[in-house]
2 protein chains.
Amino acid sequence: MPKLWNETIASHRHAVREATLDAAATVITESGLAGVSMSKIAERTGIGRATLYKYFPDAEAILAAWHDRQITRHLQHLAQVRDRATGAGSRLEAVLGAYAQILTHHPTGAIVAGLHRGNHVEHAQHRLHEFVRALVTDAAQVGEVRDDVPADELTGYVLHAVTAAEGLDSPAAADRLVALILTGLAPQQGPRSPRPPSTDQTSKSAAAHH
Amino acid sequence: MPKLWNETIASHRHAVREATLDAAATVITESGLAGVSMSKIAERTGIGRATLYKYFPDAEAILAAWHDRQITRHLQHLAQVRDRATGAGSRLEAVLGAYAQILTHHPTGAIVAGLHRGNHVEHAQHRLHEFVRALVTDAAQVGEVRDDVPADELTGYVLHAVTAAEGLDSPAAADRLVALILTGLAPQQGPRSPRPPSTDQTSKSAAAHH
């Protein structure tokens, strides 16, 4: 077959795939995760069910592909945000702020929870983890993030804490969440111990209030 | 029927219920969440499938009851930890430390994710949220936790961040996670703004490193 024909087929397949993921997103928005079925997605995409089954074996596979596309888009957006900021600390702060806003406006937790735990979700979370860990490592190297806790643990803290943004209803609340997270990441002054501030504060405050 | 007979029946029913939940936990540990079925749980409990169906309509209901029992046990344990500590800040720190250790050793995230989102999981998370929010509010009132962010938001931050403990492999790592979270909660010095420290630190570090 001529090259042009192959390209046309590839481009057509890509278009059907994209339209299917868009349709799945619409069905999820309208009917919730439980309402997603091959019939509904086929109907919304405007293709036959038999054709849909040539692209995806089941609704779960469509959700996984949709989730993968979401993560890819989020990472592309976050990479742009990162590249616009100057300095390792500012880059981390800008990315975290942008990600919290994404989660506030497009919560995906319920969809991820609906996907069976497996290679797909782990792989997607791994991409996000690596992206953030690189920022955390850079910021720790220039002293803008604490270096008394391994970067992997700091990244786990960041990525779990930021999912609290899914329950928030305003950009201002998401900004406050990011400020809390960044405070936890800040370099610690004085002698390093696992829990430096709280013991002192407890006794001081107890003294002040009794 | 005499009272004693009713009590015997109630006690028998309670015992069957508890044994079923224990069996479900064992099956989950051995075969994973996907391996849980009414047949397997009945077999493990040593009762007939027909009897099991008199207690629970399906495996999902057993998992929900199991999750409910877990949350109840965790909250009982955390209430004991809270009552052994003195001072609002110490109580919060002790409870958070104990909860992080629970999550490190008994991760329930995968099971919660496997339950359909609904009233049950929301209710369980609400109990945990209220328990921690009371500790956060008390600590904020005596100046041991920041009061420039609403207690509900601080609690959301704490409960999402602490789930990072599920991926940790040592008690020491869980302690470091708790220290990070508590640093985020600490009262902020100086003028209050949503992101006080990071901007200053960025410019200072940038100056120091160039």
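- Taken from CD in A/Gln188 to OG1 in B/Thr183, the straight-line distance is 4.5 Å, to the nearest 0.5 Å.
- Taken from CG in B/Leu168 to OH in A/Tyr157, the straight-line distance is 13.5 Å, to the nearest 0.5 Å.
- Looking at A/His160 and B/His160, their side chains never come closer than 4.5 Å, going by heavy atoms from C-beta outward.
- Contact tally against chain B (heavy-atom pairs below 4.5 Å) for A/Ala172, A/Ala165, A/Ala161: the top residue is A/Ala161.
- Taking the side-chain contact (heavy atoms from CB on, under 4.5 Å) definition, one finds that A/Ala10 meets it with nothing, sequence neighbours left out.
- In this structure, B/Arg13 places its CZ atom where only 12 or fewer heavy-atom neighbours from other residues, nucleotides or ligands lie under 6.0 Å away.
- Looking at A/Leu159, neither its backbone nor its side chain comes within 4.5 Å of chain B, counting heavy atoms on both sides.
- Closest heavy-atom contact between A/Leu180 and B/Leu154: CD2-CD2, 3.6 Å.
- Every salt bridge (charged side-chain N to carboxylate O under 4.0 Å, His left out) that B/Arg73 has, sequence neighbours left out, goes to B/Glu18.
- Smallest separation of non-hydrogen atoms from B/Asp148 and A/Arg176: O-CD, 4.3 Å.
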